[in-house]
Amino acid sequence: VMDFIDQRMALKNGNIVVKGVFPDAFNISNIIVFGGVLLFNNQLFSWDVTAGGDIRSHHFDILEVIKPSPAYIIVGTGETKLQLSPEIMD
């Protein structure tokens, strides 16, 4: 489901900063990352979700091992408003 991202992130000090959002990529700490991402304080993972409708509960399994657990989860779905399934919301 997820892979560790670009090794250039390992060279960055401090927290990850989202500097730009594009239709198919993000500028994260001055590194362009294509596709979906999961961001935690100083960790970044690629996410194999290409559309909001593809999101399934197993896509959030990483949340069981990341410590501390995030207080909020923000899921961007682009221009289309999308209601996540009850399975995911639980």
Item to complete: Determine, step by step, whether I28 and V37 satisfy the side-chain contact (heavy atoms from CB on, under 4.5 Å) criterion, reporting the C-alpha distance in whole Å, the side-chain angles of both residues, the deciding distance to 0.1 Å, and the verdict.
Response: CA-CA 10 Å; I28 301 173; V37 295; 4.1 Å; yes
Worksheet item: Side chain of S29, backbone of I16: donor and acceptor closer than 3.5 Å?
Response: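 It does not hold such a pair.
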Worksheet item: Side chain of W47, backbone of H59: donor and acceptor closer than 3.5 Å?
Response: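 Yes: the side chain of W47 pairs with the backbone of H59.
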Discussion item. I need the minimum non-hydrogen distance between G35 and F26, along with the two atoms involved.
Written reply: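 Minimum heavy-atom contact is O-CE1, 3.3 Å.
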Fill in: Nearest atoms (heavy-atom pairs only) where I55 meets I88
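Closest approach of I55 to I88, heavy atoms only: O-CD1, 3.2 Å.
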Discussion item. How long is the straight-line distance from OG of S69 back to CD of E64, given to the nearest 0.5 Å?
Written reply: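 Going from CD on E64 over to OG on S69, the span is 9.5 Å.
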Discussion item. One pair to check against side-chain contact (heavy atoms from CB on, under 4.5 Å): F22 and I32. What are the steps and the verdict?
Written reply: CA-CA 10 Å; F22 308 101; I32 302 299; 4.0 Å; yes
Fill in: Check against side-chain contact (heavy atoms from CB on, under 4.5 Å), I31 and L44
CA-CA 12 Å; I31 296 172; L44 183 144; over 6 Å; no
Discussion item. Starting from V33, can I reach V17 by hopping between I/L/V/M/F/W/Y residues whose side chains sit under 4.5 Å apart?
Written reply: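 As far as the 4.5 Å side-chain criterion goes, V33 and V17 are not connected within one cluster.
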Discussion item. Check for me, please, whether L82 and L38 land in the same ILVMFWY cluster - side-chain distances under 4.5 Å, paths through other members count.
Written reply: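 Yes; tracing contacts between hydrophobic side chains, which count when under 4.5 Å, links both residues.
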